[in-house]
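Before any comments, here is the structure.
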There are 2 protein chains.
Amino acid sequence: MDLQEAKYKFIQEWGVLGSSWGINRAMAQIHALLMLAPESKTTDEVMEELKISRGNANMNMRALIDWGLVFKEYKPGERKEYFYAEKDLWNVMKQIAKERRKREIVPIRDVLAEVSEAELGNTAEGKEFKKVTKDIDAIISKFDGFIDIAAKSDQNWFLKVLSKLIK
Amino acid sequence: MDLQEAKYKFIQEWGVLGSSWGINRAMAQIHALLMLAPESKTTDEVMEELKISRGNANMNMRALIDWGLVFKEYKPGERKEYFYAEKDLWNVMKQIAKERRKREIVPIRDVLAEVSEAELGNTAEGKEFKKVTKDIDAIISKFDGFIDIAAKSDQNWFLKVLSKLIK
DNA sequence: TTATAGTTTCAAAACTTTTTGAAAGTAAAA
DNA sequence: TTTTACTTTCAAAAAGTTTTGAAACTATAA
């Protein structure tokens, strides 16, 4: 296997992985391509290498910038915009965790807080509802706290923690 | 807010959450409905409460059984099948982690192992590729190990670990 | 100012996923 | 055996998502 083939394989698989995480294929593939690139790339290079349209490339690059995973760069004397990716996977994961927290954990916790105020009555159904939602809230809030701490920590802390757990 | 409203809200939000985790809306909603139910439910009850078709209900219930999140039950003297959900969120999470590990972590690790064998040459691109993929593999394998341990542990262990980290 | 080189937008097309519902299948009851 | 009560399947329809490409926009250069 040569570099081109390996690169292609990795980009494809990163795209598949993205899809099952609610990130669209093009977005994940652009991210993979930029992570692997030693230099920043232009929209045209991305279009060419991934065989996607200008609109698609532009939209998804903007989404990646929005997620804080890709950055723009201007080169002196050049009119084109260049793009490069955050390569430190720890930073990538922190960024993703932060975004997903905002998009997923916050809304479900809001709903859990709302329903915890509801007048549920004393039926079996009401009791079960209270019990299940309280349980869920307990675990989700622990997770939430964990993400909060992790997002403020550096990779060494995290790796140390994981190693300790695993050993 | 009364029970019906609270229940409806929670089910809706669980559906939304599911979608961003690659689990389809109906599947997540059925799961929510069954988690909240003090008693097991029939296909007809699920169809009625969620306003979905028989085929949809049947397919997604089978998928949930496949994921190990829902179980069938036969009541004596009854011909209908009853369904109930795993309610302990810790078990739910372990089950989901196991499934996703199989579907996502294993394939990406396979690809990483494959490309690590590639003849990449000594170009900047080759070196960058090696560096980035090695980094990714290091973090993913730590995660993988963590999931493995977590899946064998009970909720108390996990909560204790999290608490220690967070405090 | 006008031309040029680039970026952004968005409606329509292509594609993917989910849902429906009716028909086929299964097994207990009559 | 036939009927009845249920479950399963799956092709087609609906819904949702992504992608395209051309037109509109922006900003620099001539």
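Since the structure is predicted, the reported quantities are computational estimates derived from the model, not experimental observations. In what follows, chains are A, B, ... by sequence order, proteins preceding strands, each numbered from 1. Hydrogens, waters and symmetry mates play no part in the numbers below; they use all other heavy atoms, side chains included.
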- Would you mind listing every ring pair (Phe, Tyr, Trp, His ring centres under 6.0 Å) that reaches into residues 52-83 of chain B, with sequence neighbours excluded? B:Phe71-B:Tyr84

- Task: Locate the shortest heavy-atom distance separating B:Gly18 from B:Ala28; write the atom from each residue and the value.
- Result: CA-CB, 4.1 Å

- Task: Nearest whole angstrom, please: distance from the C1' of C:dT17 to the CE of B:Met27.
- Result: 14 Å

- Message: Give the residues of residues 29-56 of chain B touching DNA chain D, defined as any heavy atom closer than 4.0 Å, sorted by residue number.
- Response: B:Arg54, B:Gly55

- Look at B:Lys152 together with B:Asp148 and state whether they make a salt bridge at an N to O cut-off of under 4.0 Å. yes

- Task: Sequence neighbours left out, what pairs pass ring pair (Phe, Tyr, Trp, His ring centres under 6.0 Å) with at least one residue falling in residues 85-130 of chain B?
- Result: B:Trp90-B:Phe158

- Query: Can you pull the contact range of chain B along DNA chain D, 5' to 3', using atoms under 4.0 angstrom from its heavy atoms?
  - Reply: D:dT4 to D:dC10

- Task: Give me the one residue out of A:Lys9, A:Met35, A:Arg25 that meets side-chain contact (heavy atoms from CB on, under 4.5 Å) with A:Trp14.
- Result: A:Met35

- Separation of atom CD1 in A:Ile23 from atom C1' in C:dT16, rounded to whole Å: 18 Å

- Within a strict 4.5 Å, meaning less than it, do heavy atoms of the B:Thr43 and B:Met61 side chains meet? yes

- Between residues 66-79 of chain A and DNA chain D, which residues have a heavy-atom gap below 4.0 Å? A:Arg79

- OP1 or OP2 of C:dT17 less than 4.0 angstrom from a side-chain nitrogen or oxygen of B:Arg25, does that happen here? no

- Query: Between A:Lys80 and B:Ala57, who's closer to the 5' end of DNA chain C by nearest nucleotide?
  - Reply: A:Lys80

- Item | Nearest-angstrom distance from the residue atom CG of A:Asn58 to C1' of C:dT9 | 9 Å

- Is there a path from A:Met27 to A:Ile96 through hydrophobic residues (I, L, V, M, F, W, Y) whose side chains come within less than 4.5 Å of each other? yes

- Message: Do B:Ile136 and B:Ile108 make a side-chain contact, defined as non-hydrogen atoms from C-beta onward lying under 4.5 Å apart?
- Response: no

- Task: Please name all residues satisfying ring-ring contact (aromatic ring centres under 6.0 Å, His included) with A:Trp21, sequence neighbours left out, ordered by chain then number.
- Result: B:Trp21

- Message: Between A:Glu99 and A:Arg103, does any side-chain N to carboxylate O distance fall below 4.0 Å?
- Response: yes

- Heavy atoms of other groups near B:Lys134 NZ, more than 12 under 6.0 Å: no

